[in-house]
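Let me begin by presenting the structure, written as structure tokens, before commenting on it.
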There are 2 protein chains.
Amino acid sequence: MARPAEPRRKPGRPKEADGTDLRDRILDAAELEFADHGYNGARMRDIAARAGVNPALIGYYNGSKGALYEQVIRRKGAGIDIARHANLDALLAQSPTPALRDIVRAYLQPQWDMKERGPGGAAFVRLQARLHSEPEARALRLRREVYDPAAKRYIAALAVALPHLTLEEVSLRMAFLVGTYLFMLNDLGRLGDLTDGRVAEVEKDALLDHLERFLAAGLRAD
Amino acid sequence: MARPAEPRRKPGRPKEADGTDLRDRILDAAELEFADHGYNGARMRDIAARAGVNPALIGYYNGSKGALYEQVIRRKGAGIDIARHANLDALLAQSPTPALRDIVRAYLQPQWDMKERGPGGAAFVRLQARLHSEPEARALRLRREVYDPAAKRYIAALAVALPHLTLEEVSLRMAFLVGTYLFMLNDLGRLGDLTDGRVAEVEKDALLDHLERFLAAGLRAD
DNA sequence: ATACGAATTACTCAGTTGTTTAATTTTTTG
DNA sequence: CAAAAAATTAAACAACTGAGTAATTCGTAT
């Protein structure tokens, strides 16, 4: 009965001998479950089962389902946001007018790295794609909070590299860019269907290269 | 008790005096509900309430929730597929080697028209965006069934217009195209967030024009 | 050891889900 | 008009949902 009203999130020391905090293990499991079934399709019991944990422990460590979802999104979303800011900073440090292609790469690279970083990273990419097609209020708020700040800086950088476009046009094309890479990252495994497996042959590094060429040319159009 | 085991879908004549078949009214309501909340988030009771009918009538006319979902997707998906085929046929009738921009327009136009055709059309566009980010087996199968046939024809047409690209590259860029327009159609209303409302000022016709220029340039890249 | 608080468990709870049933009304048919 | 079929309704079903509770175990500092 002595459970704290707001169960403490980070107790004095890690509770697990192997160093994996139970709270993080639950977040990992939730990430997979949310990615596979979406917010509404995910079951708290299944998340607990994936984490190998008693269902009540989710509430104990991570709060309600909604709170759990937000933690999952913010955890890796923040990493992507930081990397994007850092990449752009590095670019602007070299030159006040970076090349278009470099700006595009700076924005895409963090997502790409995450996708390569094991099944958890791939799951988060799928989760993001879902997040961007859900009109619910929570998804909308999270998107704005996590992704908009970096996006605005990149729009400004693109506007410098594309002086023939108005700011409205640059903003619009930035949205095109986001749609393209999200769709591709999410759909990569299934792209083969449309092409009878031909795309699968292309190597992953070459794939990012293709995407960058496509986007750079599109951004530069007219 | 004399209800048919397989309730007949289209009885002799329309049951409603005003001509609106009850089965279609349920499909309309389901379309809105699925678009707003996704498959898992949609509630059969809410669909019934939207249609103004008894919940049991959904099962009577349209079967289970899964069957209802497939009917919603197929109903308008088939229309888009037909329009895309017809547009491409018309183009190829004029010239065996249509201009790139015309191919792009032929593919996008049906979606655009649907979006403009009232709230039901806009809802279906949102529904499609969701369909393309759901990894569940049903969504995957529906996507292939409804959208792949036309896409394959357009890939072939694009390959002719882009002789400097391999077929694998054309297939990949076609996937980029799909991602871009789906994301934009779905996100249009919310695009303003990213741009402080600047995009909203752009008129809708001009928007399709921008998208076509972006995509045509991207497809032509290198 | 013992006492104390945190960690974990099994269990319960009220509400909701999709679906079905049996009864009733409406429509069509003979 | 009467009988049969179809359409519609209210109610109930069993399964599942997220969340909460009280009890128990565990680790540690006294």
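Numbers restart at 1 for each chain; the letters A, B, ... are given by sequence-line order, proteins then strands. Just so we're clear, the structure is a prediction, and the values are computed from it rather than from any experiment.
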*Any chance the rings of A:Phe176 and B:His210 have centres within less than 6.0 Å?*
no

Nearest to side-chain heavy atoms of [X], which nucleotide of [options]:
{"X": "B:Leu57", "options": "C:dT19, D:dT9, C:dT8", "value": "D:dT9"}
{"X": "B:Asn54", "options": "C:dT9, C:dA7, D:dA10", "value": "D:dA10"}
{"X": "B:Ala56", "options": "D:dT8, D:dA10, D:dG20", "value": "D:dA10"}

How close or far is atom [atom2] of [N] from atom [atom1] of [X], stated in whole angstroms?
{"X": "A:Leu22", "N": "D:dG27", "atom1": "CG", "atom2": "P", "value": "14 Å"}
{"X": "B:Tyr69", "N": "C:dG18", "atom1": "OH", "atom2": "P", "value": "15 Å"}
{"X": "B:Ile58", "N": "D:dT9", "atom1": "CD1", "atom2": "C1'", "value": "14 Å"}
{"X": "B:Arg25", "N": "D:dT8", "atom1": "CZ", "atom2": "P", "value": "9 Å"}
{"X": "B:Ile47", "N": "C:dT19", "atom1": "CD1", "atom2": "P", "value": "10 Å"}
{"X": "B:His37", "N": "C:dT16", "atom1": "NE2", "atom2": "P", "value": "15 Å"}

*Tell me, please, whether B:Tyr154 has B:Arg84 positioned over its six-membered ring: NZ or CZ under 6.0 Å from the ring centre and within 45 degrees of its axis?*
no

*Does NZ or CZ of A:Arg130 lie under 6.0 Å from the centre of the six-membered ring of A:Phe34, at an angle within 45° of the ring axis?*
no

Every protein N/O within reach of nucleotides 14-17 of chain D N/O, cut-off under 3.5 Å:
from   : atom 1 : to      : atom 2 : distance (Å)
D:dT17 : OP1    : A:Arg43 : NE     : 3.0

*Using side chain to side chain donor-acceptor pair (under 3.5 Å) as the criterion, list what pairs up with B:Arg105, not counting sequence neighbours.*
B:Glu212

*Taking only residues two or more places apart in sequence, or in another chain, which ones meet B:Glu33 in a side chain to side chain donor-acceptor pair (under 3.5 Å)?*
B:Arg50

*For residues A:Gln128 and A:Lys76, determine if any side-chain heavy atom of one lies less than 4.5 Å from a side-chain heavy atom of the other.*
no

*Please check the phosphate of C:dA7 (OP1 and OP2 only) for any side-chain N or O of A:Tyr60 closer than 4.0 Å.*
yes

